[in-house]
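Hydrogens, waters and symmetry mates are skipped; everything else that's a heavy atom, side chains included, is used. Atoms within a ligand are numbered from 1 in the order they appear, just like the ligands themselves.
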Amino acid sequence: MSQKPKLGQNFLRDQTAIRRIVAALGDISAQTVVEIGPGQGAITGQLAAQAGRVIALELDRELAPRLHAFLGSDRVTVLEQDVLQFDFASAAAEARQKLAVVGNLPYYITSPILLRLAESAASLNRAVLMVQREVADRIVADPGSRDYGLLTVTVQMYGPVERLFTLPPGAFSPPPEVHSTVFRWRFAPRFNELGVEEAPFLSFARQVFALKRKTLANNLRAASYSPDTIQTALCNAGIPPQARAEELSIEALARLFLELRK
Ligand SMILES: C[S@@+](CC[C@H](N)C(=O)[O-])C[C@H]1O[C@@H](n2cnc3c(N)ncnc32)[C@H](O)[C@@H]1O
């Protein structure tokens with residue numbers, strides 16, 4: 001079968017990795033699991049054997065019908081569908097439960113997929129996803145590390161993440177140019193707990209991380225806050241004046257956001 005590199009088609013061949021990905025979802029015997037990009041069905045086969053129900057979303061017209069024939073189970077629904085257009089809320093309502101998500105993601109749209117899942121967080125309980133290793137490094141980064149930034153904060157605002165394991169290019173056919181890492185994301189949005197509104201806080205995070213290597217104060221100035229406002233807010237939030245956004249925990253960012261809105 002021919003592969004379409006443009007669609008991020010690197011098919012997983014490592015059977016142990018496939019078992020570990022499905023096991024990382026936990027007990028799925030009564031769970032509806034949405035698979036993003038089933039490809040030739042490497043993970044789908046394992047899911048079909050264990051999950052209550054599987055909804056597999058595959059964009060490639062040529063793969064989707066083949067998957068149907070290959071699986072032929074009444075618990076597996078294959079949709080010829082762009083994951084970025086999929087309505088997770090309706091699927092969760094129909095399933096009468098929050099959905100679990102799994103996928104060896106097409107890397108060319110990793111960020112849009114993560115954002116789509118984030119905005120659907122109320123309909124999801126957990127996800128086990130394979131991404132490029134460097135992206136996983138950014139997702140699970142701690143404050144103060146080189147990889148900590150907007151992606152970290154955006155993803156972690158929707159719930160805790162855990163790095164699970166990394167695979168070399170040879171685990172796939174054809175091999176991608178990068179290593180791949182599987183991580184787990186448990187959806188438990190933090191906006192209420194931190195007292196911040198979702199859209200304004202995320203747009204604030206985009207502002208403070210806009211200029212890498214600049215201080216937080218410089219980034220806030222670029223976002224049109226006055227020097228006095230910035231100084232007072234940093235002081236009240238207990239943040240040193242020379243701090244950089246990359247050094248701030250999510251809690252400190254939320255404190256600063258709230259101070260700036262006073
Ligand atoms: C990295 S491959 C993984 C295939 C399979 N799950 C595996 O592990 O072998 C990514 C899959 O996502 C599919 N894909 C690409 N863009 C997509 C989109 N927008 N929506 C749904 N599937 C997509 C590709 O056709 C491909 O089958």
Give the numbers and elements of all ligand 1 atoms closer than 4.0 Å to a heavy atom of [X].
{"X": "E35", "result": "6 (N)"}
{"X": "G39", "result": "4 (C), 27 (O)"}
{"X": "F11", "result": "4 (C), 9 (O), 27 (O)"}
{"X": "D82", "result": "18 (C), 19 (N), 20 (N)"}

Looking at [atom], what's its closest protein heavy atom, distance included?
{"atom": "atom 9 (O) of ligand 1", "value": "L12 N, 2.8 Å"}
{"atom": "atom 15 (C) of ligand 1", "value": "L7 O, 3.1 Å"}
{"atom": "atom 16 (N) of ligand 1", "value": "Y108 OH, 2.9 Å"}
{"atom": "atom 2 (S) of ligand 1", "value": "G8 O, 3.2 Å"}
{"atom": "atom 22 (N) of ligand 1", "value": "L59 N, 3.4 Å"}
{"atom": "atom 8 (O) of ligand 1", "value": "N104 ND2, 2.9 Å"}
{"atom": "atom 25 (O) of ligand 1", "value": "E58 OE2, 2.6 Å"}
{"atom": "atom 20 (N) of ligand 1", "value": "V83 N, 3.0 Å"}

Option whose closest heavy atom lies nearest to atom 11 (C) of ligand 1, chosen from A42, A64, G37 =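 It is G37 that holds the nearest heavy atom.
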
If you measure only the distance, is there a donor-acceptor pair under 3.5 Å linking the side chains of [X] and [Y]?
{"X": "T77", "Y": "R53", "answer": "yes"}
{"X": "D27", "Y": "S29", "answer": "yes"}
{"X": "S120", "Y": "S123", "answer": "no"}

Region of [X] engaging ligand 1 - heavy atom pairs below 4.0 Å:
{"X": "L63", "result": "side chain"}
{"X": "L57", "result": "backbone"}
{"X": "I109", "result": "side chain"}
{"X": "Q81", "result": "backbone"}

Specify the closest pair of heavy atoms between G39 and F11, including all atoms of both residues, with the distance to one decimal.
->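 Looks like CA-CE2, 3.5 Å.
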
Heavy-atom pair of closest approach, residues T166 and R133 |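 So the two residues come closest at CG2-CD, 3.9 Å.
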
Which residue, R261, R255, M157, forms the side chain to side chain contact (heavy atoms under 4.5 Å, CB included) with V196?
->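 So the option named by the test is M157.
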
Looking at E80, E35, Q85, Q81, which one forms a side chain to side chain contact (heavy atoms under 4.5 Å, CB included) with L57?
->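 One option only clears the test, and that one is Q81.
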
Evaluate whether atom CD of E197 has more than 12 neighbouring non-hydrogen atoms of other residues, nucleotides or ligands under 6.0 angstrom away.
->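 Check fails, neighbour count at 12 or below.
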
State whether the number of non-hydrogen atoms from other residues, nucleotides or ligands found under 6.0 Å of Q231 atom CD is greater than 12.
->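 Counting neighbours around CD of Q231, 12 or fewer heavy atoms of other residues, nucleotides or ligands fall under 6.0 Å, so no.
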
Given D137, which of R163, Q132, R146 fulfils the side-chain hydrogen bond (donor to acceptor under 3.5 Å, both in side chains) condition?
->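 So the option named by the test is R163.
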
Single hit among R186, R190, E198, E119 for side-chain hydrogen bond (donor to acceptor under 3.5 Å, both in side chains) with Y158 |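 Of R186, R190, E198, E119, side-chain hydrogen bond (donor to acceptor under 3.5 Å, both in side chains) with Y158 is met by E198 alone.
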
Would L105 count as a contact of ligand 1 if the rule is a heavy atom under 4.0 Å away?
->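 Yes, L105 has heavy atoms under 4.0 Å from ligand 1.
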
